[in-house]
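Have a look at the structure below, then the notes.
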Amino acid sequence: VDLIGRLILMLPYLRDHPEIKIHVPYYYSNTWKPGHHAYEWFHRLGLMSRVVSGRIIARVAHQLDRMPCGPRQHPLQLLAVRDAGRMILAQQPQQSPHPQPPQPPTQGDRDRTVLVVRRNTTRRISNHQQLMDKLASAGLQVLVHDVEDTTPWEDLLRLWPRAGAVVAPHGAGLTNAAFLEPGSALI
């Protein structure tokens, strides 16, 4: 997910060179299916036929630079992710069984809305429920993005812009911050 920004910037080159394949690491083998965030990006960008996995032999291989928990995102990469997501959403009919959130939220609604990202395994917020209770008692609307949930990809892209603030552990999923509106807080 964290490399999607760089992948989007390389789309024109990839489209001009259809022989180029994209290797998906073995650790995605159990999760690489419809609904997985990265899978949905590849599918919507028309790159699924280019994906290979397992051991590969290549004349040339390009490995994108990574750091633990994802690379440093350049602002242009985040803008590319945001613009590509908006373009994809505009082209796709609403297919989710979940109702679409009101669009667009007003600035007043956004200012009173906090999105809390919940992880149940590593890098989780240890006092998640206390945080939720405090935010609700302060009169804020609290939205939850549960990373282990199977929330449809389109719904996640519509969820993030509704928040005026996001509380989340660090990690690649913060690439979704590209969908926050200007002036939103990321904690």
Side-chain angles (χ1 to χ4, degrees), residues 1-9 25 27-28 31 35-42 44 64-90 96 98-187:
V1 174
D2 49 336
L3 299 177
I4 295 297
R6 285 191 255 178
L7 182 67
I8 289 171
L9 292 176
Y27 51 82
Y28 277 125
T31 59
H36 183 272
H37 198 72
Y39 178 99
E40 295 296 337
W41 272 107
F42 276 73
R44 298 311 196 293
L64 295 176
D65 181 33
R66 288 190 54 107
M67 296 181 63
C69 303
R72 285 173 244 139
Q73 294 284 345
H74 186 279
L76 287 177
Q77 293 168 333
L78 292 176
L79 290 173
V81 169
R82 183 200 63 199
D83 292 347
R86 288 178 178 173
M87 177 190 68
I88 290 167
L89 285 176
S96 169
H98 303 288
Q100 184 172 351
Q103 298 218 8
T106 66
Q107 185 62 45
D109 291 340
R110 196 176 292 114
D111 289 345
R112 304 291 305 158
T113 303
V114 177
L115 173 64
V116 178
V117 176
R118 177 178 27 223
R119 295 180 61 133
N120 295 322
T121 54
T122 61
R123 293 178 299 214
R124 61 187 176 81
I125 299 172
S126 60
N127 62 341
H128 177 84
Q129 191 55 51
Q130 289 173 310
L131 172 64
M132 299 288 290
D133 294 342
K134 286 287 186 186
L135 293 170
S137 70
L140 298 170
Q141 179 185 6
V142 182
L143 306 173
V144 177
H145 169 187
D146 190 333
V147 298
E148 280 85 18
D149 190 7
T150 57
T151 301
W153 181 76
E154 295 90 348
D155 289 354
L156 290 178
L157 295 186
R158 290 182 181 101
L159 179 66
W160 281 68
R162 294 180 59 202
V166 174
V167 178
H170 70 93
L174 287 179
T175 301
N176 291 315
F179 297 103
L180 294 173
E181 294 294 326
S184 298
L186 180 60
I187 304 167

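The two atoms that bring Phe179 and Val81 nearest to each other are CZ-O, 3.7 Å, heavy atoms only. Across every non-hydrogen atom of Ala163 and Leu115, the tightest pair is CB-CB, 3.6 Å.
Every residue two or more places apart in sequence or in another chain that forms a side-chain contact (heavy atoms from CB on, under 4.5 Å) with Leu174 is listed here: Trp160, Ala168, Leu186. Every residue meeting the ring pair (Phe, Tyr, Trp, His ring centres under 6.0 Å) condition with Phe42, not counting sequence neighbours, appears here in chain and number order: Trp32. Qualifying salt bridge (charged side-chain N to carboxylate O under 4.0 Å, His left out) partners for Arg86, counting only residues two or more places apart in sequence or in other chains: Glu181.
Of the listed residues (Ile125, Val166, Val144), just one forms a side chain to side chain contact (heavy atoms under 4.5 Å, CB included) with Val117, and that residue is Val166.
To the nearest 0.5 angstrom, Leu131 atom CG is 11.0 Å from Arg118 atom CZ. Atom CG of Asn176 is separated from atom NE2 of His145 by 6.0 Å, given to the nearest 0.5 angstrom.
Within the structure, the salt bridge (Lys or Arg N to Asp or Glu O under 4.0 Å) test picks out no pair touching residues 168-177 (sequence neighbours left out).
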N/O donor to acceptor pairs below 3.5 angstrom from side-chain atoms of residues 133-143, sequence neighbours left out:
unit_1	atom_1	unit_2	atom_2	d
Asp133	OD1	Gln129	NE2	2.9
Ser137	OG	Asp133	O	3.3
Ser137	OG	Lys134	O	2.9
Gln141	OE1	Thr113	OG1	3.3

